[in-house]
Visitor: 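Structure in structure tokens, see below.
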Amino acid sequence: MNKTWRAVSLVLGFVMFIGIALVTNLFERGDLPVQVSGALLQSVITAVMTYFLLSGQTAQEELKERQVKVFEKKQEVYHHFIEVLMGVVRKGEVRVGVEREARLANESAELQDLVEQLGVLQMHAGAERVREISGCVARLIEGLNTWGASAAGGVARDLPKFYGGVSEEVFRIVNILKADLYGRSDVAIGAAEMQDIFRECGLAVERPGLDRVAAQCYFWDELQQQLMVRGYAVARTNLSGDVKEYYARARNRHRHFGFEFEVYELKGTGEKVLFRVEVENHFYYGFAKGTPGAERHPAVQGLLKGMSKHFYQESDKWFGAKLPDKESLDFWKLDSAGFDALANAESREEYVAAIADEMDGYIKWFREEAERAGV
């Protein structure tokens, strides 16, 4: 009913317009058909152009809306994939279960979920990107399982190296997904750089059965005892407080502590020559000045260089110091082979005794050469 009235109203309106135009001489009678036809044609053209413009705008808006939804979905899928991946990393090991082993079957749920997510990734990422990500995942899982096996076998484990490798693979995956989402990528932080960062955070080599504080305390106590047995006047020093402070923090950590004792007196000046053992990362030893100062002693330097070219140059504190010839111990990284001996109650005394023998040899050599040269 309403549509009929609208049509009738439109026709009546058009007739009234024509009638008024004729009465008021708005148009000449001969021009009226032409004017009416032109107006109608102009209306048709305007309507057609408006239709195409609106249709194009609508299509663009629909395309934009679809792209936004696809992008949001990709973000959701990629973020969920990272969450599943980190679940595997937090678990620390991936084992594939079999039907008759219900426990292992449950433990493999993370891997099954990860495989499922790799499949979902292929709906949004290209085959090449998924292939790269799969390679990273494979290396990550291999590293996790190797780490778990080393713990079960009681093997020393390098924490910074492990976490550096894990970080590198995770960062590569994130970088690949970021490039696909945002069209840009960066050079992923490498394993070596992350190892340095983790070491600065205080992570070191993990050795099952080795307490690093107890091991270093034993080293200092036993070394002093071994040197006392060899006849040196060592004032026994308890360094356990220094050792605990040494491991208390990574940055600006407490170091350069140790013990010393007198081994010689320079002729003419009467200056004391001390034998000193200290630690930074590795322990080191050498001949220290009884009175620290800037004065240099070329004769003493010559003796030390004659014994070993590895003695450092003279400083205000040292005539010369060096790292051990054989049994080097890195008490910070704990990656030296000697820690296996320190962890063994049957072999650790003999191990430290060998270090004391090396020091004893240098002290005796220095004394003999200094006496002969009249230094």
Side-chain angles (χ1 to χ4, degrees), residues 155-161 164 192 195-196 198-200 202-227 229-230 232 234 237 239-240 242-243 245-247 250 253-261 263 274-288 304-315 317-366:
V155 180
R157 307 191 301 176
D158 190 334
L159 288 169
K161 183 177 180 181
Q195 287 180 42
D196 292 338
F198 287 129
R199 287 195 174 99
E200 285 296 318
L203 291 181
V205 173
E206 180 186 78
R207 289 179 173 269
L210 177 68
D211 182 329
R212 60 184 183 177
V213 173
Q216 190 177 160
C217 286
Y218 174 83
F219 170 80
W220 290 118
D221 290 342
E222 185 60 29
L223 183 59
Q224 291 180 80
Q225 177 63 30
Q226 290 290 338
L227 289 169
V229 169
R230 286 159 178 76
Y232 297 106
V234 179
T237 305
L239 297 172
S240 60
D242 293 278
V243 173
E245 192 174 350
Y246 177 79
Y247 291 117
R253 68 180 187 273
H254 179 59
R255 48 192 170 180
H256 303 300
F257 59 87
F259 65 92
E260 62 189 17
F261 52 94
V263 294
L274 309 177
F275 189 84
R276 180 168 178 80
V277 187
E278 282 188 357
V279 66
E280 184 174 11
N281 278 18
H282 294 79
F283 81 90
Y284 53 95
Y285 59 80
F287 297 89
L304 295 180
K305 289 297 183 181
M307 289 192 296
S308 172
K309 64 180 181 180
H310 298 297
F311 275 102
Y312 304 148
Q313 291 296 321
E314 185 177 0
S315 66
K317 178 179 178 180
W318 295 91
F319 290 112
K322 65 184 291 295
L323 293 170
D325 292 336
K326 298 179 181 178
E327 305 299 342
S328 178
L329 289 172
D330 188 330
F331 283 103
W332 185 250
K333 295 181 181 178
L334 300 175
D335 57 355
S336 309
F339 286 105
D340 293 331
L342 280 182
N344 188 330
E346 297 180 358
S347 63
R348 61 187 182 180
E349 182 178 341
E350 182 180 351
Y351 178 80
V352 177
I355 296 174
D357 283 339
E358 181 181 311
M359 296 177 179
D360 183 39
Y362 277 112
I363 295 172
K364 290 178 177 177
W365 191 355
F366 177 82

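All of these numbers come straight from a predicted model, not from anything done at the bench.
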Visitor: Can you confirm whether W332 sits close enough to R255 that some side-chain heavy atom of one is under 4.5 Å from a side-chain heavy atom of the other?
Guide: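 No. Closest side-chain heavy atoms not under 4.5 Å.
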
Visitor: Using a 4.5 Å cut-off on heavy atoms from C-beta on, say whether the side chain of L227 contacts that of F259.
Guide: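 A side-chain contact under 4.5 Å exists here.
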
Visitor: With heavy-atom distances below 4.5 Å as the criterion, would you say the side chains of F261 and I363 are in contact?
Guide: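 A side-chain contact exists here, since the closest heavy-atom pair is under 4.5 Å.
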
Visitor: As a test of understanding, state which of Q216, E280, R212 forms a side chain to side chain contact (heavy atoms under 4.5 Å, CB included) with F331.
Guide: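 Answer after filtering Q216, E280, R212: Q216.
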
Visitor: When you compare the side chain of W365 with that of L304, does any pair of heavy atoms fall below 4.5 Å?
Guide: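 No, side chains not in contact.
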
Visitor: F366 and F319: aromatic ring centres closer than 6.0 Å?
Guide: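 Distance test on ring centres: not under 6.0 Å, no.
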
Visitor: Return yes if some donor-acceptor pair links the side-chain N/O of S308 with the main-chain N/O of H310 below 3.5 Å, else return no.
Guide: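 Confirmed, S308 side chain pairs with H310 backbone.
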
Visitor: Would you check if Y246 and F257 make a side-chain contact, meaning some heavy-atom pair closer than 4.5 Å?
Guide: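 Yes. Closest side-chain heavy atoms under 4.5 Å.
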
Visitor: Between V352 and Y218, is any pair of side-chain heavy atoms under 4.5 Å apart?
Guide: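 Counting from C-beta outward, V352 and Y218 do come under 4.5 Å.
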
Visitor: Quick one: does Q224's side chain have a donor or acceptor within less than 3.5 Å of a partner on V234's backbone?
Guide: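 No.
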
Visitor: So which pairs with a foot in residues 342-365 pass salt bridge (Lys or Arg N to Asp or Glu O under 4.0 Å), sequence neighbours left out?
Guide: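 Every salt bridge (Lys or Arg N to Asp or Glu O under 4.0 Å) pair that includes a residue of residues 342-365, provided the two are not neighbours, is R230-D357, D360-K364.
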
Visitor: Using the benzene-type ring in the case of Trp, are the ring centres of F219 and F283 under 6.0 Å apart?
Guide: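 Aromatic pair counts; centres sit under 6.0 Å.
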
Visitor: E278: which residues meet the side-chain hydrogen bond (donor to acceptor under 3.5 Å, both in side chains) condition with it, sequence neighbours left out?
Guide: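 E278 satisfies side-chain hydrogen bond (donor to acceptor under 3.5 Å, both in side chains) with R276, Y284, K317 once adjacent residues are dropped.
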
Visitor: Check whether any side-chain heavy atom of D242 sits under 4.5 Å from a side-chain heavy atom of V279, and report yes or no.
Guide: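 Counting from C-beta outward, D242 and V279 never come under 4.5 Å.
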
